[in-house]
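Everything on this sheet refers to the single structure shown next.
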Amino acid sequence: MSQRMQGQPMVILGEDSQRMQDKDAQSHNISAARAVAESVRSTLGPKGMDKMLVSSTGDVTVTNDGVTILREMDIDNPTAEMIVEVAETQEDEAGDGTTSAVSISGELLKNAEDLLEQDIHPSTVIKGFDMAAKEARSQIDDVAEEVSVDDREVLKQVAETAMTGKGAEQNKDLLGELIVDAVENVTVEAEDGTSVVDLEFLDITTEASGTAADSELVEGVLLTEDPVHEDMPTDFEDAEVLLMDTALEIEEANADAQLSVDDPSQLQQFVEQEEQQLEEMVETIADAGVDVVFCQKNIDDMVQHMLAKEGILAVKRAKKSDIEFMREVLDANIVSDLDNFSGADLGSGDVTYDADNEWFVVEGDNSHGVTLLLRGSTDHVVDELERGVNDALDVVAAAVADGLVLAGGGAVEVELASRLRDYADGISGREQLAIEAFADSLELIPRVLAANAGLDSIDTLVELRSAHEDGDQNAGLNVFTGDIEDTYEAGVVETAHAKSQALSSAAEAANLVLKIDDIIAAGDLSTSGGDEEGAGGPGAGGMGGMGGGMGGMM
């Protein structure tokens, strides 16, 4: 038996199974990850270019927001999807820096591939990257400047830096002021004395009319709706507000039904019965002391008339997001059934109507909710403006909560690279090479900033290194003039939290890719146990692109 087994190869995988091992697998994974990183590199910085994303249905998105580009791209490669997760993690944790995180991740893998070709084991590279990332994060705290919620000018610069390159340059001064005002309005002091930014009390409303210069901050909830009846009052102080997510009308039967009547009086009885039900709805609302009703669904015409007679203001078909935001601002409950609601479900606040702009402003008695109204000439413009403002809000909130900011324009990356090289000199073993490779990867950021601005990236990097060697740790690139200057003093300011998170995400993603040495077409890896389409797809779709680097990414 043993003699026969020695002469026959043992077959484990099926004949049609796909498998890629060792250096082939590593090379494939690195190529896929780098392709994703390089696809967004040209969008980095104030001079970055935009991407036009066209969906299969013809919808068009024009943006240079890294996470938006990667989320919308049609990626069909498991390794490439890991890099997309880097951008999503960066967006969730820091709100900005997605392009930097992805770009650094791709550069780490590029430099790691050079080390692998020198027969340095992946585990050694991974360990070196971990050491470098940990040291870099500690150095960030050392070079960072402290900031508080009272440092309006610095916070405004943080907001302007985050928005630059995203269609807001011409009005970044105004928008920066609005963003700082908004964050100040929703910031509270915790028991331990730290500042907490309640972004759930901040809403953004967009309108494709006017220009970004017409944007404004409204203290309270902004509803671009009209009263349902012209005879209704529109302004209340200390109003009792009812929020509903169901319609104020008679529910229709789920099944088709036919009604047979013997004389007209029977039909009149049915009509009167319906009217009585509607009257009972209004009586329930009025008896509870309600002054204002905001309904997510429809309100029957007769109910509208009855509410107007009772002096109650009503708005129908309010957006779900507005109803949920008012719940926070007014400290109310959303009511789904009038038969089971009480006065405890009502919220309290001031309601005023701006006839010129045709919107309501709702302010809670003890809340600090605000609405940022953004305007733009077209839907594409206002959508990109909203993405930029969202990033700016997140980083300003992070700056207030974390209390640390950094010089931008590639200054912190060059400074960290210099410090990492000094750190590597004290490390014995091959991990030193990985740490130096990590330092080289960080310098990708100033090189790409220069290249995207039409400047010579090598000359720029040489000048930056020289300035930092002379002790100017805030020396960065002014992409508009091409000069090397103190970017912190010039107002190019980033948050320490976003930079630290970018380094962590990039290092973790690169290490995850480097740790893979075998790609095998698998069977059903789903945990749902169902027969949904694609449940057994990893064997084919999961290996999509094995032979072509990026497979069906685009």
### Message
Measuring from atom CG of D425 to atom CG of L420, what distance do you get when rounded to the nearest 0.5 angstrom?
### Response
11.0 Å
### Message
Around atom CD of E88, are there more than 12 heavy atoms from other residues, nucleotides or ligands closer than 6.0 Å?
### Response
yes
### Query
Are R419 and E135 close enough for a salt bridge, meaning some N to O gap below 4.0 Å?
no
### Message
Between K156 and E153, does any side-chain N to carboxylate O distance fall below 4.0 Å?
### Response
no
### Query
Can you name the side chain to side chain contact (heavy atoms under 4.5 Å, CB included) partners of E489, sequence neighbours left out?
D486
### Query
Between R152 and E184, is there a side-chain N and carboxylate O pair less than 4.0 Å apart?
yes
### Query
Could you state the interatomic distance from CG (L461) to CG (L455), rounded to the nearest 0.5 Å?
13.0 Å
### Task
Mind checking side chain to side chain contact (heavy atoms under 4.5 Å, CB included) for N478 and listing every partner two or more places apart, or none if nothing turns up?
F480, T481, E485
Return a table of donor-acceptor pairs under 3.5 angstrom between the side chains of residues 501-510 and protein atoms on other chains or two or more places apart.
unit_1 : atom_1 : unit_2 : atom_2 : d
Q501   : NE2    : S505   : OG     : 2.9
S504   : OG     : R137   : NH1    : 3.0
S504   : OG     : S500   : O      : 3.2
S505   : OG     : Q501   : O      : 3.0

### Message
Any side-chain to backbone donor/acceptor pair from S103 onto S100? Under 3.5 Å, distance only.
### Response
no
### Pair E443 + R447, salt bridge at N-O below 4.0 Å
no
### Message
Around atom NZ of K51, are there more than 12 heavy atoms from other residues, nucleotides or ligands closer than 6.0 Å?
### Response
yes
### Message
Among residues at least two apart in sequence or on other chains, which ones pass salt bridge (charged side-chain N to carboxylate O under 4.0 Å, His left out) with D203?
### Response
none
## Note on the structure
With sequence neighbours left out, the residues meeting salt bridge (charged side-chain N to carboxylate O under 4.0 Å, His left out) with D151 are none
### Query
How would you list, by chain and number, every residue that makes a side chain to side chain contact (heavy atoms under 4.5 Å, CB included) with K319, sequence neighbours excluded?
S321, D322
